[in-house]
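Residue numbers run from 1 in the order of the sequence given. Keep in mind it's a predicted model, so treat the numbers as computed, not measured. For the numbers below, each heavy atom of this structure counts, side chains included, while hydrogens, waters and symmetry mates do not.
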Amino acid sequence: MYFLYADGSGQAAIKHKSHNNGLYILSGVIVHERNWKTIEENLATLKQDIFPKIHHELWELHAYDIWHNQGFFADEKLKMNFAKKQEIFSKTLDLVCNSQITLLNVIIFKDLLKQRYGTPKALEYSWKFMVERFEHFLKQQSGGTNNGLLYVDASHKSPESEIKNVIYKLVRHENHNQKIDHVIEDPIFKKSHLRNMIQLADMIAYIIQKHYRNDTSFKCWFERLKPKIYQSNGVLTRFGIVEFPI
């Protein structure tokens, strides 16, 4: 079995009176059941290494707060200068590159979605594409005999009933793009402080978000992620990176 830990960057909601809704990014970290505990423990070790005097369970890898010195990272004692931020992101990416994980990313262009569709639903589309790509990944592993379970950040950003409904419809009802046979229909919602892997998905989503906003500070980090992003026959876009609408 494979687990997919998912989190987003940005808000899925679209303001109809606004012409600058920006992006919504949903990222997923796929790991096999035999590896998840090791990677969870490695992330805990990483966090302890970043702030040796603070127990790793007392803080989260939350990319936006790290980059903007907010929440936990607003404490002046942490000395969150640019070099410290670079250290956190770089060490996190070192772990990503050296772990047996695969990344999925959905990029929703919200203004274009609003323009083309009368009732745009960024959240619905993002989860539809995430589940479809997870299914595609599962079918490519060991003769397509593996099932997949979703772990989702349980926060105000993630309306559980909406996400459950999208996944339920994809699995239980006919999907015109792809039949969903291997993704388990009941996602598990967990507070991010209880799962380091969800925190990792948050970091990935933020890097993708900043890259698509042409922030040059994140270009090298995005390039480092590329080998871990899901590809099919060498094709990255449409599989490990889904852009919608295009």
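Centroid-to-centroid, the aromatic rings of F3 and F134 stay 6.0 Å apart or farther. Ring to ring, W36 and Y5 are not that close: their centroids are 6.0 angstrom or more apart. In summary, the aromatic rings of Y24 and F109 are positioned with their centroids too far apart to meet the 6.0 Å limit. Residues Y206 and F218 bring their aromatic ring centres within 6.0 Å. Taking the six-membered ring wherever Trp is involved, the centroid distance between the rings of Y2 and H32 falls below 6.0 Å.
E135 places a side-chain N or O within donor-acceptor distance of the main-chain N or O of D181, the cut-off being under 3.5 Å. Between the side chain of N35 and the backbone N or O of V31 there is no donor-acceptor pair closer than 3.5 Å. With R238 contributing its side chain and E243 its backbone, the two residues share no donor-acceptor pair below 3.5 Å. No donor-acceptor pair under 3.5 Å is formed between the side chain of E87 and the backbone N or O of F82. Looking only at distances, no side-chain donor or acceptor of Q70 sits under 3.5 Å from a matching main-chain atom of I66.
Atom CH2 in W59 sits 9.0 Å away from atom CD in Q48 (nearest 0.5 Å). In this structure, OG1 on T145 lies 11.0 Å from CE on M1, to the nearest 0.5 angstrom. Rounding to the nearest 0.5 angstrom, the gap separating the CD1 atom in I108 from the NZ atom in K121 is 13.5 Å. Atom NZ of K164 is separated from atom CG of D186 by 7.5 Å, given to the nearest 0.5 angstrom. The line from CG of L26 to CG of L104 is 9.0 Å long, rounded to the nearest 0.5 Å.
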Residues Q141, F137; criterion side-chain contact (heavy atoms from CB on, under 4.5 Å); working and verdict:
CA-CA 7 Å; Q141 312 305 312; F137 170 87; 3.4 Å; yes
Could you give me the CA-CA distance, side-chain angles and deciding distance for D7 and M203, then say whether side-chain contact (heavy atoms from CB on, under 4.5 Å) is met?
CA-CA 9 Å; D7 200 5; M203 296 287 285; over 6 Å; no
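Salt bridge K91/D49: present, at least one basic N to carboxylate O contact under 4.0 Å. Under the 4.0 Å criterion applied to side-chain N and carboxylate O atoms, E40 and R195 are not assigned as salt-bridge partners. For D94 and R224, the salt-bridge test passes: some basic side-chain N is under 4.0 Å from an acidic carboxylate O.
A cation-pi arrangement, defined by a distance under 6.0 Å to the six-membered ring centre and an angle within 45 degrees of its axis, is absent between K210 and F222.
Q209 and Y64 share no donor-acceptor pair across their side chains, judged by distance under 3.5 Å alone. K85 and N69 share a side-chain donor-acceptor pair at under 3.5 Å. Under the 3.5 Å distance criterion, with hydrogens and angles disregarded, no donor-acceptor pair is assigned to the side chains of K110 and Q11.
With respect to L150, the side-chain contact (heavy atoms from CB on, under 4.5 Å) criterion is satisfied by exactly one of I188, V183, I163: V183. For the side chain to side chain donor-acceptor pair (under 3.5 Å) with K47, the qualifying choice from E57, E60, Q199, H56 is Q199, the only one to do so. Partner of P187 under the side-chain contact (heavy atoms from CB on, under 4.5 Å) criterion, chosen from L149, L4, I167: I167.
Applying the 6.0 Å contact sphere to NZ of K84 captures more than 12 heavy atoms from other residues, nucleotides or ligands.
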